[in-house]
Amino acid sequence: MVVAPKSDELRRVLDDDGNVLPGAKAPEIPEADLKNLYRNMLLVRLIDERMLRLQRQGRLGFYMTSTGEEATHMAVYALRPEDWVFPSYREPGAAFFRGYSIRDYICQLYGNAADPIKGRQMPVHHAVAKIHYVSISSPVGTQIPQATGMARGAAIAGKEDLAIVYFGEGATSTGEFHVGMNFAGVWKAPVLFFCRNNGWAISTPGSKQTASKSIAIKAAAYGFPGIRIDGNDILAVIQTTAEAAARARAGEGPTLIEALTYRRGAHSSSDDPSVYRDPNEPKQWEKSDPIERFRRYLERQGVWTAAWEKDESAAIEAEIVRDNDEAAATGAPPVESMFDDVYEEMPWHLREQKEWLLRQARTKSPHYHH
Amino acid sequence: MVVAPKSDELRRVLDDDGNVLPGAKAPEIPEADLKNLYRNMLLVRLIDERMLRLQRQGRLGFYMTSTGEEATHMAVYALRPEDWVFPSYREPGAAFFRGYSIRDYICQLYGNAADPIKGRQMPVHHAVAKIHYVSISSPVGTQIPQATGMARGAAIAGKEDLAIVYFGEGATSTGEFHVGMNFAGVWKAPVLFFCRNNGWAISTPGSKQTASKSIAIKAAAYGFPGIRIDGNDILAVIQTTAEAAARARAGEGPTLIEALTYRRGAHSSSDDPSVYRDPNEPKQWEKSDPIERFRRYLERQGVWTAAWEKDESAAIEAEIVRDNDEAAATGAPPVESMFDDVYEEMPWHLREQKEWLLRQARTKSPHYHH
Amino acid sequence: MPVMNIIQAVNDALKLEMRRDKRVVVLGEDVGKFGGVFRATSGLYEEFGPDRVMDTPLAEAGIVGTAIGMALYGLRPVPEIQFADFIYPAFDQIVNELAKFRYRSGGQYPAPVVIRTPCGGGIRGGHYHSQSPEAYFAHTPGLKVVMPSNPIDAKGLLLASIRQNDPVLFMEPKRVYRAARGDVPEGDFEIPLGQAKVVREGQKITLVAWSAMVHTAQEAADKAAADGVDVEVIDLRTIVPFDVETLVASVKKTGRCVIAQEAPKTCGFGAELVATICERAMEWLEAPIERVCGFDTPFPYTLEHEYMPNADRIVGALKRVLEW
Amino acid sequence: MPVMNIIQAVNDALKLEMRRDKRVVVLGEDVGKFGGVFRATSGLYEEFGPDRVMDTPLAEAGIVGTAIGMALYGLRPVPEIQFADFIYPAFDQIVNELAKFRYRSGGQYPAPVVIRTPCGGGIRGGHYHSQSPEAYFAHTPGLKVVMPSNPIDAKGLLLASIRQNDPVLFMEPKRVYRAARGDVPEGDFEIPLGQAKVVREGQKITLVAWSAMVHTAQEAADKAAADGVDVEVIDLRTIVPFDVETLVASVKKTGRCVIAQEAPKTCGFGAELVATICERAMEWLEAPIERVCGFDTPFPYTLEHEYMPNADRIVGALKRVLEW
Ligand SMILES: Cc1ncc(C[n+]2csc(CCOP(=O)(O)OP(=O)(O)O)c2C)c(N)n1
Ligand SMILES: Cc1ncc(C[n+]2csc(CCOP(=O)(O)OP(=O)(O)O)c2C)c(N)n1
Ligand SMILES: [Mg+2]
Ligand SMILES: [Mg+2]
């Protein structure tokens, strides 16, 4: 059972060296799953490195990394495939874990003709309906009441589905956080509020974001438990999420999970942390790297070997390279696709605008070839 | 010193019979002030009765009463005249206490040519700059971040002024409550958040408004104290507000005061509580009527006598009748005044619209005489 | 056919559709036991219970935000915003989220939410119980904006709105909520979105209106008729997408046009109508189009009848345009 | 005279006014040590300290709401909204509060807040880093809306905005933040609100634009000039109140008009311009006015150059209107 912790209490299962802490109990996870979880964290790490490099080379318009926060993405392991994920822009691992392909991921970054969202949004704004991964929005916090509504909707429909919503500590300052949490409390909606407290909102440190002793303590304002965990400890993430999911499915309502982690990279490829952040701060967090901690745990369990990781990395790298080459070679979506999906059926004014543009496009203009 | 209470803890100074409770200490208030406080609560009670009756007779367009909540209005006694009040629509006593005249109050209700706000807003939306009583808005909760900003502004200007902001428990569900409280916590702004928890938001009971154990507990989410008090106990209101004001002026930041009270009347003259509320519920609250409790206290103190109250009531009634007759006889604001105060200086398009309307007004049309 | 007012027609449509389609749910402030401050949802709570008729906390962003989530799950939420004047806390959820969900997900996530809200002045509501904010939504791609003026349209358009798959702002003319009465077919029928209605045929001049202004326009047309002026009155009914054929055909026929809009003039929906007509029927116009609008001030309390367009003002405009 | 880009001009105006007037304060997300994501406030935190340059929590409603309170107290807040696309959480504070404070209090409570925000596309920003929401604010009485296109106007208009006593939406053309460079006088000067600028004199046709579109319009005018078409280009600079004299005089002179607007077409500010011109200069018009606008879709990512009006598209419109 999840209980509201003292604000300074922090739940951990693994220490920084990947040992199970005295008194803690590691969740039962089959070996194949352990490997799959590790592989997905590795995938996030590797693809972030690659794509950021491509962005620096000017081959991608924009990118955002999750380096150091990969363990938080794996909360979805504790959920059912039918459960819904309302992500922010910094949890691609949750999509990969559910089967989002590297190919689709990279095509979205390019916004090319094979992009599942048809080049409509900036890089890292994925939407993957078939795995119940909801469309990512830039406006911070907007997904929070939506997740509450989805969870309430499932309950109304008499289903057991629940929703998990990811957001950063900066998002807790938005009005949307407040109304989403408050509606969930009143409705006892089966929703999990998962806050990645990574210390920074672009240049704004947590201390300027809120004066509360923790993020977890905010749950008390809505009448349900909040718990603070080590967000770089994948076992704590999975264990706590599983408990919160059980509560939700038992009709006991929502839980707020504050996962303490750290944004080791820049906010985005447009950001330059050296202007506002001591370069040593990220370094200190490397020693509690979520992947390395998990690796050591797996090694002790006899699940991890250097050879296995080498093979996995190589396979991932190869897939990334192949899919990137393909994505880079794929052209832009057709001009006329710009007018689709505004409405289910195209109304007269959009039809006219589309026809007008296509007439123009036929006339010579540098803008119309990609 | 204010301390965050257990959510069920309730601060009282007076019992329902107006006795000072064992262990409690009544604040030191000079006799003249005690009488003045009582007189202002009486004024609110009497003017509410009168104006509601006029509304029922169709002589006023709309009205809202504060019956049973008058003690909360007197929190301003604990503040300095320069301090700023951000009211909602249910604290006229705070304006009367600071010298708002019955005449101006009634003229606002009529929206006549003598209305201090020139007939611009519905009844009970007062604005009285000379007593630092900020313009009332209908949209619930919007005044909360404004009060935080005002308080922060005073601190920036190096002044000791603080702000008190009134709102109902329904307003705590708005995003504005959240952002106003959160900014205040981060800034340690000298602002007092005064929540009249009167149990109802139109037809919505507190239990459907939030699942939190209390309103006071919500302050923990912003890193400052919240305290729950008996809102029908004027001495608890004054004592707690004084302590919170001292904290604020000492630079220790904001306080949330949850004053438990009850909306004995309808939400407004447009409302019919019989549809959604057990008529016995309001009755039960009559026994802790804030005016009667204070009266008994004053009687024991030898401050109150029936004769004195009789004289005061008569004087108030007479003033109300006189000012109402005058207000009712005063015409509407001139048509052209409709275009003033949109901007400091009237831009061309408004000037044209004004001239156009005045030309029309000269042509015969039933609409243009009041 | 029973005679209903607009409140009854809306209530009838909601009951009908909630019986027909289990996915339809209603949520908002005071919509439950109280049946809404205008009583449009009365009886729903008793018939459909607290799971399908939800009183919410006081937060419009929460009402619309959670409704979006319900729609993504496959429900058909019909949230109520108590007054259109209070819709702005939900503005981000409406214009950045609801309006863009289908598009930004490449068509994977349609969000069929029908937001009902009473709009317009004339009830002594002052600044915050009188606004007509349709232009904000008309300028937001991805939203449809429906503004009926009478009971039969209110019922038929609401049923059609709930059954189609795009987000709809369904704005109800509160000034005539009870005053506008008329025959309304019992049971199921739809009035398709995007079709205007010529509510009065005429030859000399086209008068366009929507929502409560339609009644003021008809009053003006009657007065003009008394002076022998033959006015064609068009009730747009839907403003996004609006019925350009009917509008342009009428103007081509009459050669003259007046637009009656309750909202403030500058950048109101009437401006779009003028621009569209000029783009398509300039050479048929025998006079400039005149807009009779609310003035560019916040909505006043005491002087609301001076503020709002009235029949006299519209008649004046009709005369000016005819005599131009 | 030093050459500046728009960022430098805005920064220069802020520094100048903060030195001159202790009441001026800046607040917003990342405006402090970081100097804003576009660096428009860089150096302010160092010079004026944390009391006058405030990093805020992530909440636009809080940024504008607290700025209103500061203004009521007598300060001169200049809040920054990081992108215009993120202004909607503050929409209620802007349209229901800021815009109405003076009016609803009978003139007792003016609220002089100048909200700075970068707007417009062309930076590969997709849905949420590209929007041009000026029409929403233009339709809101009580607000002024200023949209400079170049450094000297940005500085002069920002100084004038901070010194006058009405709320201002000050929208900055982020696409040309650095690209648009020009001589900017050092020290103090003002450019009055409400005055358009004829940036290119011409006889044959009037081309109206504001914000970044002015540059596209000038590019189009150059292309047209190459074909011997003599275009007059007007930079509105302020859209509320806009400079009706300059606009109407130009159209009366040329008899033809094209409007270039980046925002979606339907109910955009261009519609208001068309309606106003038709009301005042119909008989001078030799052809219908054409609007070249963003399409009525959310702002796309990959196809943004197809979405946004470009010089070719404007030239096409100029030709059509001239040949009509
Ligand atoms: C409503 C809104 N305001 C501002 C922004 C600009 N912005 C993008 S991300 C961000 C910081 C978010 O910080 P946090 O919530 O902690 O998430 P993190 O980036 O740390 O994962 C800001 C201010 C935005 N996207 N939306
Ligand atoms: C943003 C907004 N939404 C809805 C309303 C309609 N409304 C007016 S008062 C009210 C209830 C307020 O309840 P509470 O805050 O408890 O104050 P009380 O009336 O009890 O004093 C509502 C829903 C409004 N005025 N503003
Ligand atoms: Mg963060
Ligand atoms: Mg209440």
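Throughout, protein chains are lettered first and strands after them, A, B, ... in sequence-line order, and every chain is numbered starting at 1.
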Atom group of [X] that falls short of 4.5 Å from chain A, counting heavy atoms:
X      : answer
D/S130 : neither
D/F34  : both
D/Y88  : neither

Exercise for review: Please check if the distance between the ring centroids of D/F83 and D/H129 is under 6.0 Å.
Suggested key: yes

Check your understanding: Using the benzene-type ring in the case of Trp, are the ring centres of A/Y63 and A/Y89 under 6.0 Å apart?
Key -> no

Could you look at [X] and say if it's the side chain, the backbone, both or neither that has a heavy atom under 4.5 Å from chain D?
X      : answer
A/P205 : neither
A/L350 : side chain
A/V140 : side chain
A/T142 : neither
A/D115 : neither

Check your understanding: Mind checking whether A/R264 and A/N198 have side chains closer than 4.5 Å, heavy atoms only?
Key -> no

Check your understanding: Any side-chain heavy atom of D/V229 within less than 4.5 Å of one from D/L318?
Key -> no

Name the member of [options] that forms the most heavy-atom pairs with chain D at distances under 4.5 Å.
options                : answer
A/S138, A/P123, A/G111 : A/S138
A/G175, A/S137, A/G141 : A/S137
A/G170, A/S270, A/P273 : A/G170
A/A201, A/A171, A/S173 : A/S173

Does one side chain, of [X] or [Y], offer a donor that lies under 3.5 Å from an acceptor on the other?
X      : Y      : answer
A/Y262 : A/E69  : no
A/Y110 : A/N324 : yes
A/W200 : A/E281 : yes
A/T204 : D/D55  : no

Point to revise | For A/P333 against D/T302, the heavy-atom pair lying closest together | key: CD-CG2, 3.7 Å

Revision key, fill the gap. Pair count under 4.5 Å, heavy atoms only, with chain A: among D/G62, D/P57, D/G126, highest is D/P57

